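Below, each value reflects all heavy atoms present in this structure, side chains not excepted, and no hydrogens, waters or symmetry copies. Every chain is numbered from 1 and lettered A, B, ... according to where its sequence line falls, protein lines coming before strand lines. The structure presented is a predicted model; accordingly, all values stated were derived computationally and were not measured.
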Amino acid sequence: MNQITTGKSEFNNFKVRFMGALKTNGGVILAFIIVFVIASIVSSKFLTFNNQMIILRTISTTALCAFAMTFVVLTSGIDLSVGSFMSLAGCLTTILISWYAVPSFLAILVSIGVGLAFGAANGLIITKMNMPPFIATLATMNIMRGISYTITGGKPVSVTADSLFENIGAGFLGQVPIAVIYVVIAFVFLWMLLNRTRFGRHIYAVGGNLTAAKYSGINTDKTIFLAYVLTGVFSAFGGIILVSRLNSGQPTIGEGAELDAIAACIVGGTSLSGGSGTLTGTLIGAVLMGVISNILNLVGVNAFVQLIVKGLIIIFSVYINTIRKPVKRAKSAES
Amino acid sequence: MNQITTGKSEFNNFKVRFMGALKTNGGVILAFIIVFVIASIVSSKFLTFNNQMIILRTISTTALCAFAMTFVVLTSGIDLSVGSFMSLAGCLTTILISWYAVPSFLAILVSIGVGLAFGAANGLIITKMNMPPFIATLATMNIMRGISYTITGGKPVSVTADSLFENIGAGFLGQVPIAVIYVVIAFVFLWMLLNRTRFGRHIYAVGGNLTAAKYSGINTDKTIFLAYVLTGVFSAFGGIILVSRLNSGQPTIGEGAELDAIAACIVGGTSLSGGSGTLTGTLIGAVLMGVISNILNLVGVNAFVQLIVKGLIIIFSVYINTIRKPVKRAKSAES
Amino acid sequence: QPSAESEGPSASAEETAAEKEAESSAAAETGEKRTIGTVVLDGTNPHCTLFEEGFRSIVEDKYGDEAIVLDAVGDPETLINCISDLMSQQVDGIVLEACDDEAPIAILKEVKAMGIPVAAADMYLQTTEDEGLVLSQTISQNYEAGVAVAEDLIERAGGEEMNVCIMEMKQNSSGMMRIDGFVDTIAGHDNIKILEQSQPSEDSVEAKLELAEIWVQKYDNIDAIFAYHDVAALAAVQALKAANMLDGVLVYGVDGSPDAMTSIKNGEMTGTSKQQPDQMAISSAEDVYTVLNGGTIDHEWEVYIPTIFVDASNVDEYL
Amino acid sequence: MNETILRMESIVKSFPGVKALQDVDFELRAGEVHALLGENGAGKSTLMKCLSGVYPADSGKITLFGEKIAINTVNDAMDHGISMIHQEFALSEQLSVADNIFMGREPVGKFGLTDRKALYTKAQELIDKVGGNISAYSLVGMISTAQKQMVEIAKALSMNVKIIIMDEPTAVLSNREVDALFHLIGTLKAEGISIVYISHRMEEIFRICDRITVLRDGAKIDTLEAKKTTNEQLINMMVGRKLEEYYTRTEHEIGGTLMEVCNITRLDEKVRNASFELRKGEIIGFAGLVGSGRTELMKVIFGIDKAAAGQIKINHRDVRIKHVRDAMKLGIGFVSEDRKLEGLFLERDVEFNITIGVLDKFLSAFNLNRQKEDEIAGKYVDMLSIKASSIQQKTLNLSGGNQQKVVLSKWLAISPDILILDEPTRGVDVGAKAEIYALIDQLVQSGVSIIMVSSEMPELINMSDRIYVMCNGEIKACLDKDELEQNTILKYALGV
Ligand SMILES: Nc1ncnc2c1ncn2[C@@H]1O[C@H](COP(=O)(O)OP(=O)(O)OP(=O)(O)O)[C@@H](O)[C@H]1O
Ligand SMILES: Nc1ncnc2c1ncn2[C@@H]1O[C@H](COP(=O)(O)OP(=O)(O)OP(=O)(O)O)[C@@H](O)[C@H]1O
Ligand SMILES: [Mg+2]
Ligand SMILES: [Mg+2]
């Protein structure tokens, strides 16, 4: 409640912002550091450059979906169909390349275009038909999966003709896997979009208080619509990368991807009720999940026990996130 | 806007209530009738008594989970772990019976007890650790699935010794499958619980306005806690019935069951933001989903195309639900 | 040979069975179409596509009947729901490619009571010939498939030290039989050591790829990878390729899916034990027709369809 | 200065089941402050929402500067220089003050990216202009109610406005902030900006307004010059009858001490060392500026928040209030200040809301006595004359005053001995206010003791037997009936 005058506020404001950012992401950063340190101690292989790259490459699809999902979740929506986007776009790309001899680049563009179109369909169903995002995207999840199975006949589509395609997802730039580069570019782009454009502000506004956003003249429908287009495009791209890494169009990919993406968002501190969360948090959340999975596999923990450990670590890291926030759920409901 | 006096209001109230109920469930009833009529026309086999029983038996586990899920969703929560409850309780029952020669009845009691305990764990994590239900139950979903795999070694547990156990889920009462009887009993019990007890009122209050519920002296934590215990118990029971029908403890059962249960709730008109919805709606929602799946199989529609059709029908039925409500999302957000 | 008709335990079942038989033979005489249903274990498995093709070739092409193909999507609950729906549909016969060996037993008793003949394929159901639930059990020699791979590995090792990683899936009983065949066969050969035998954290391509990548990262002395099916083997190929380690590492799978064949042809995968799902479907479907047409089955109750080991030397025959 | 700039003619607006506006005309002159008066649900907000583009009118004509204009969206209205400060705050709590002020109109710099520097500088300038002592970087969720109001005003000024609509801006403000607001309104007026001012506080109307338009049941009654009318005349027009008595206080005997609160300090120290006592059948008032900690103190007494120290005695016996349930068992009721966030289940019907505290009376294991429930709900609907189509009507669709009565009913239903009323007449029209005062009087007659927290001085002074004044989390004074004077209270409230 201290008074801040404009003159002396520069430093103060920076402090306010920095503390704010730390408060928002502090929990997940702390959880990340703890898990990371434990992992380094437990396995000598963990800290190697190669292994770190493997972690990042492994999470690349999840991260791409989770970044875009952050936008949707910030609008207090949810997109269950990301996995189906992955499957549809991935398979379509390989079909175009292998069966119709379309050049890789064009095939990818077309597939991303299809992702965009279905993302737009999600957006329209949600904004124009007033359907709850959960059920709308549950429906399109089934529809797109069905289409993906139908066009492939349920079988993997091999890509043999085009080694360029394989490099698109599986290649390296120097020592760094190309998929990691995509994640970095996508992160920077989406971070700018969220924090440095009007659209980004509108995303926060819509999720924070839909009425306020409407009363301020924001085209809320358009904002929500665009968020679903984003998930469509980015998860389609994620699917294409994955398919390229597998070097075959597997229609089964992406099952359960929505849960991974949403988990990354929430572990990263984004609230499912919308309006609060950061992209940085999501990135750390995604990497954290990747590190957990990696170290468990490195140590050779039984796959069944892995599930248990993973569950416990999720609870632990989100709990750290929760207790670091001074205002508890009960309180926040009041305000 | 006329003022009502208590004296003449008797009939009025009944009419208002009835119309209110129709308004709440009208959408899903309409969708149900349309799908039902189309199904009867499309296949002559559809309307037979046996087929109707098969539909009801097919949806029995989903319905049990969805009923309990309705309570959770009404508190504006979500329980992703229902499928893991099914797996854990189902497998545990068969392990006790087959490996430790525990009498069926006792084995079932113990397994439901375990379901209750994990439901309580969900409830505690959510209320006492202030964790978002989505992430808390995502974690326990993994944990319980992991336990279920670990205790079974990932392999199905056969039940050969005990034919009583088989009858528990697969038997008939006259012409009616016993699983259908359970669903009816569960529905009546839970309907009474939701509409004829203080707990039921508290569920609506907590979901409608958490702060107001607190300020009205409702033990909100206890109410939320009990809702998760309910899903634990009922989905555990659903798992046991399913395992009995399969006559073997399959650790893989229940994957994706949470989406089916939630879809039944939402198609039945329950709002994911809590506070509004009915158990009757959920029942119709679950049966509707069963009818869709049944008719598609009867007609022999390709499994891949089934996914597409199912998605379209979900959109259609929820859309009917939405347009029947005069006040649109945009409007309700204003107030 | 016992058949569903002759073994009906209850009077009513016998009655319906008799009626059914009369009906179906009448239908055959009047040239009316019969309906034969199948439930495949998972429509997204290339293996099942071949199975479906084999099934259709008999039902549609040979007998001109109607084929209904339902998909259990690998889930035992869906499996029994699909069987229920086939009962509602009152199909004349069922060919069952179950995704589990015990789950369908209870429902098959109801099917039997309705007098619908069932032949089991690809998955050995936990039932005996005496119970009369199925006309026959037609399966791949999964154990032998694993043995064949092991034998090839032993030959290629030629007595040299070899370190193998084995990817398994405990939930998949056929897959585990292959693993057993493999492990039992290499047991006598001290030069072949198992570095690790584990399974991906979930049954998805992503998880299989991740596990293989971590193996490649964890061990610098891998000589061979054996996966319980081709999807996992192909994921291992990709993991090795990404680490530039594919040369000199033998990768084996089981199944013989088309893209595995391509991969062998390209010199990536080393070999696979090819199953013949179409043959299984054909054999089972023929058994159903034998009974429907009033005949008796003249072969053993258990039918084994052999697997064929495919590597670069004979891959061209199966492309 | 007298030219008419805006003319709304024959505006009609219906909602499903409600005709909110029928053929309403409205005129606004340049640089005037024009009051819009009427009972709860008269259609004031609706008329202004039609003007500000929240929803278009069903029919009617709007002329601005002699030109016919169409307003279909909020942006249309903004383009014409019309902006509205809504009755319920339209702010996003998770965003900063600056983001809220420029929401939807963020300054854009290079490459189409938002110009954050300009955003914060401009926002800070606006905040300073309206006299708000906050940083533009603060999150709106962290600032006080009065400051939120400042943000709303800054937001309205951030565009090139000609008309500002203020829908009950003072409902959440106390005297000092009201003065500041009125000063600001004076400045705006001098700049030639026209203001539509909606309020239920009659004294304000006469202080700042030039003309007054009265609505009743969705129809316009009349437009008058403020100088040429009287309070009685206006009330008569609004309510459609004469109000006999506004503040009802019947002489009656006050009993012995019922409750003693000793040295309560909150865990978060927002209230320190607060002590007061309440006698049977007494009304004590709590005065103070917004943020003085009155609500916080009441929340401790009612068991919502925790105390670090202090005791509460009821009937001379120490009591422990750890939960709301404990307080309710001791016969305490609490009508909280924010009925939407803390009081009502908006999606549920009137009956559900009234009976939620007394479920025991008609609901036991699997046995619902619906008749009894209807009876309880009906009793209070009649007693407080709640205007609803039936007891099954959703509370969401009730007017503010009627919603407030539903909340009151909920607490009356538990038959409390002590009733805490936090801003009981906020946003309630004069008629309903008078009814609530009469009800309070009736309650104390029957032996209920009342603690009334209010920011409306006249209501406190006229209704209370004694007044405690709070400032900065401490009780600074206890004034007896004969000392009750606005200036004295203000002196203590400001801590001078
Ligand atoms: N979105 C809406 N949907 C349905 N009815 C509405 C809606 N908004 C307002 N109404 C109804 O229209 C009428 C006029 O409401 P309005 O909000 O304009 O009243 P008001 O004069 O502003 O009252 P108050 O003083 O309580 O703010 C009321 O009967 C109200 O219930
Ligand atoms: N949810 C909250 N988060 C942060 N600060 C808050 C919150 N609620 C209240 N405050 C602050 O606590 C202090 C006390 O507020 P309180 O509401 O008790 O004041 P009050 O005297 O009751 O005023 P009012 O007239 O608004 O009721 C104020 O500084 C206010 O800004
Ligand atoms: Mg209003
Ligand atoms: Mg207050």
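For the options A:Gly254, A:Ala170, A:Pro251, A:Pro177, heavy-atom pairs under 4.5 Å to chain C are most numerous at A:Gly254. For chain A, the option among C:Val231, C:Asp259, C:Val237 with the highest count of heavy-atom pairs below 4.5 Å is C:Asp259. Residue with the most contacts toward chain C among A:Ile54, A:Thr252, A:Asn51, A:Ile55: A:Asn51 (heavy-atom pairs, distance under 4.5 Å).
Using a distance-only test at 3.5 Å, with no hydrogens or angles considered, no donor-acceptor pair links the side chain of A:Lys155 to the main chain of C:Pro46.
A heavy-atom distance below 4.5 Å is found between the side chains of C:Glu213 and A:Arg57. Counting only heavy atoms from C-beta outward, the side chains of A:Leu246 and C:Leu209 approach each other to under 4.5 Å. The shortest distance between side-chain heavy atoms of C:Ser201 and A:Gln306 falls below 4.5 Å.
Here A:Ile253 contributes atom CD1 and C:Thr44 contributes atom OG1; the two are 12.0 Å apart, rounded to the nearest 0.5 Å. Distance CG/C:Asn244 to CZ/A:Phe172: 8.0 Å, rounded to 0.5 Å. Rounded to the nearest 0.5 angstrom, C:Ile214 CD1 and A:Thr58 OG1 are separated by 6.0 Å. Atom CG of A:Leu298 is separated from atom NZ of C:Lys218 by 6.0 Å, given to the nearest 0.5 angstrom. If you take CG on C:Leu234 and CD on A:Gln250, they are separated by 7.5 Å, rounding to the nearest 0.5 Å.
In this structure, chain C has a heavy atom under 4.5 Å from the backbone of A:Val299, while its side chain stays farther away. Neither the backbone nor the side chain of C:Glu52 comes within contact range of chain A; no heavy atom of the residue lies under 4.5 Å from a heavy atom of that chain. Using a 4.5 Å cut-off between heavy atoms, C:Pro258 makes no contact with chain A at all. Only the backbone of A:Ser244 comes within contact range of chain C, judged by heavy atoms closer than 4.5 Å. Of the two parts of A:Met86, only the side chain, counted from C-beta on, holds a non-hydrogen atom closer than 4.5 Å to a non-hydrogen atom of chain C. With a 4.5 Å cut-off on non-hydrogen atoms, C:Asp71 does not touch chain A at all. Residue C:Thr49 touches chain A through its side chain alone, counting heavy-atom pairs closer than 4.5 Å.
Here the closest heavy-atom approach between residue A:Asn294 and residue C:Glu210 is recorded as N-OE2, 4.1 Å.
Under 3.5 Å, the side chains of A:Thr61 and C:Glu206 contain no donor-acceptor pair of N or O atoms. One side chain, A:Thr48 or C:Gln217, offers a donor N or O that lies under 3.5 Å from an acceptor on the other.
Dense packing is recorded around CZ of A:Phe49, with more than 12 heavy atoms of other residues, nucleotides or ligands lying under 6.0 Å away.
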